[in-house]
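Heads up: numbering here begins at 1 and tracks the sequence. Both ligands and their constituent atoms are indexed starting at 1 by order of listing. Any value given below was found using the heavy atoms of this structure, including those in side chains, with hydrogens, waters and symmetry copies removed.
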Amino acid sequence: MNTVTNGSAPSGDGAAADELDVVIVGAGFSGMYMLYRLRKLGLKSRVFDRATGVGGTWYWNRYPGARCDVESMQYSYSFSQELQQEWRWSEKFSAQPEILDYANHVADRFDLRSDMQFETSIESAHFDEIANRWIVKTDRGEEFKPRYCVMATGCLSSARVPDFPGLKDFSGKTYHTGHWPHEGVDFTGKRVAVIGTGSSAIQAIPVIAEQASHLSVFQRTPNYSIPSRNGPMTDDYEQSWKRDYEAHRADARQTKNGILANPNDQSAIETSADERREVYEQRWADGGTRFMASFNDLATNAESNDTAAEFVREKIRAIVKDTDAAELLAAKDYPIGTKRICVDTRYFETYNLEHVDLIDVRGAPVEHLTQDGLRQGGKDYAFDAIVFATGFDAMTGTLARIDIRGRGGRALKQEWEAGPKTYLGMMSAGFPNMFMVTGPQSPSVLSNMMVSIEQHIDWMADCIGHMETSGHAVIEARPEAQDAWIEHSTEIAYTTLYPKAASWYMGANIPGKPRVFLPYIGGVGRYRAKCDEIAAAGYEGFQLQ
Ligand code: NAP
């Protein structure tokens, strides 16, 4: 019998604790849609989240300038025709507050909150092999025994602050972009440091610079960034999507990364220099990640890739007036796109402002924090606030923080010590009835997350529905199918230039993390076909009991 041993649920009283079929961890876009689908199967599910509300990544990442780099007409749910027709985005690339409003709207519209429990962390999940149930414990002292566990924990949800000595000595304020205060931060008149120049920093820096009296950016590795060309949503543009939304969504599902980007099927090096330039100029003018679809071989051919990289470097040199700063900002030692391409609004222009400095920490790292600021390169800097835009323990970090034990009491963390082991990025052998949404070795972060989330949830819900109707109690990945999938996923990654960059895709940002390419790079269309084929073949590679 399941029991609630302590604490009261802040919400989520729709299903009694001892009746849960499914525990869903995470109330972001994955967890919300999973709940929606499971309800339709008549299963009693509860979503848990440590936050006070829905939204996942959009709940936490409230830093100034936060917005999605996938256009909102594409970064939104497609599962409800009414929802996609009625919701109106105000901008082409919506900002975090609007995306969070959308998440809240979805929660209300589909009455999801009654099966959600907030301010609750899942601390452990142990599989009981006799009862074929998971024993799930929360930090509120509760215990649940669902038949299934769905880890909808997000790919970038474990924020990381480097272990700088003296962190506690600093008397000013510190912030991490992924844990931004809900009330916002007013930097007016403040001396601010930003450490890091990834996507989050690139969005935050221009906005912080508008307020701060002085802004120092500490850069280790420069990033390639493309102007977003964001702007208000126009009726014409909105209608061009909504008129035929279903067809557009269907097309997006068959693409490489779930985004309709009008890819050019020509090779960069087989195109004349003049024509190539024209293509890049047009894509630069259009803005956004579509720049990477300028040619068909930018991800696979180093020479082709360098034509795009050099084009962006030239743009940076043309924008940034200080030639030393421009050279520092121009990435040179990894192919463009192999670290997540950034999308910005006046990022490089910000370095032309008198009160903004760029400090290169590649050869001379931040030594330690001091009471007044930090010491770097033998020099002391004074700040009122330090912003860590230092990223996340991506894709595996959040799962590793939960004490997950499968068959024989084996810990997931240990099983994955040399790198994650999954079948299709959805299940791991030895961990029956535990699904991971957008897990490692699935397209996830290399795609429009909304497309990948919906695909995973639909597949998982169908799979659970199949289990229910066919009278199976347990589904589990077969080790040999898992090994083959890992090999396939790794092999494809090494046909591309991606492994050449020390990126978080490779686990390279976390000391001691194994260097393996985490997402599946074979493309969302191809991946979907494979998943569907496996399901149609009676869940080939899985063992059903
Ligand atoms: P990130 O890409 O991992 O960037 C972290 C930055 O911190 C890097 O510049 C890194 O330098 C630097 N850093 C880390 N430790 C450091 C140290 N000890 N000293 C100096 N610098 C240090 O993290 P992020 O910017 O938060 O972005 C993570 C991902 O979230 C993105 O790639 C993207 O997928 C997603 N995201 C998306 C959006 C969007 O949709 N627009 C916005 C924000 C984030 P190194 O490169 O040298 O390690």
Side-chain angles (χ1 to χ4, degrees), residues 56-58 60-72 74-75 92-96 99 154-165 167 175-180 193-205 207 216-228 230 257 259 287-289 328-329 331 333-334 337-345 347 358-369 374 376-377 386-395 397 438 444-450 452 501-511 513 518-519:
T57 201
W58 300 105
W60 296 104
N61 287 269
R62 297 168 187 244
Y63 60 85
R67 67 176 69 247
C68 191
D69 58 7
V70 177
E71 284 186 25
S72 297
Q74 305 200 47
Y75 186 88
K92 203 165 151 193
F93 294 92
S94 294
Q96 174 272 334
I99 303 174
C155 297
L156 294 154
S157 41
S158 285
R160 174 184 173 260
V161 174
D163 197 10
F164 292 121
L167 256 177
Y175 307 96
H176 189 286
T177 47
H179 274 287
W180 205 258
V194 172
I195 301 182
T197 47
S199 301
S200 303
I202 280 178
Q203 290 185 330
I205 284 165
V207 187
S216 300
V217 177
F218 291 84
Q219 171 185 277
R220 187 163 65 190
T221 311
N223 256 300
Y224 299 94
S225 186
I226 312 295
S228 71
N230 187 31
N257 62 2
I259 301 172
T289 59
L328 275 179
L329 289 163
D333 57 1
Y334 63 95
T338 56
K339 279 183 176 226
R340 166 78 168 223
I341 190 85
C342 299
V343 172
D344 71 274
T345 302
Y347 172 64
L358 178 66
I359 295 146
D360 178 20
V361 302
R362 174 164 279 184
V366 171
E367 290 161 38
H368 57 86
L369 267 63
L374 61 80
Q376 178 273 339
I386 299 178
V387 175
F388 297 109
T390 44
F392 301 87
D393 186 350
M395 302 203 79
T438 63
S444 57
V445 292
L446 289 178
S447 68
N448 174 355
M449 283 298 281
M450 285 302 224
S452 286
S503 66
W504 59 258
Y505 294 142
M506 290 292 291
N509 64 329
I510 304 294
K513 192 164 172 171
L518 293 167

Query raised in the report: Charged N to carboxylate O below 4.0 Å: is that the case for Arg67 and Asp344?
Result: no
Query raised in the report: Which pair of non-hydrogen atoms, one from Ser444 and one from Met395, has the smallest distance, and what is that distance?
Result: OG-CE, 3.0 Å
Report summary line: Closest non-hydrogen contact found for Ile99 with Cys68 is CD1-CB, 3.7 Å
Query raised in the report: Thinking salt bridges, do Arg220 and Asp360 make one under a 4.0 Å N-O criterion?
Result: no
Query - Those residues that, when tested against Trp504, pass ring-ring contact (aromatic ring centres under 6.0 Å, His included) (two or more places apart) - result: none
Query - ligand 1: protein residues within heavy-atom distance under 4.0 Å - result: Tyr63, Arg67, Cys68, Asp69, Leu156, Arg160, Pro162, Phe164, Ile195, Gly196, Thr197, Gly198, Ser199, Ser200, Gln203, Arg220, Thr221, Lys339, Arg340, Val361, Ala389, Thr390, Gly391, Phe392, Trp504
Query raised in the report: Will you find, in the side chains of Tyr334 and Asn223, an N or O donor that is under 3.5 Å from an N or O acceptor?
Result: yes
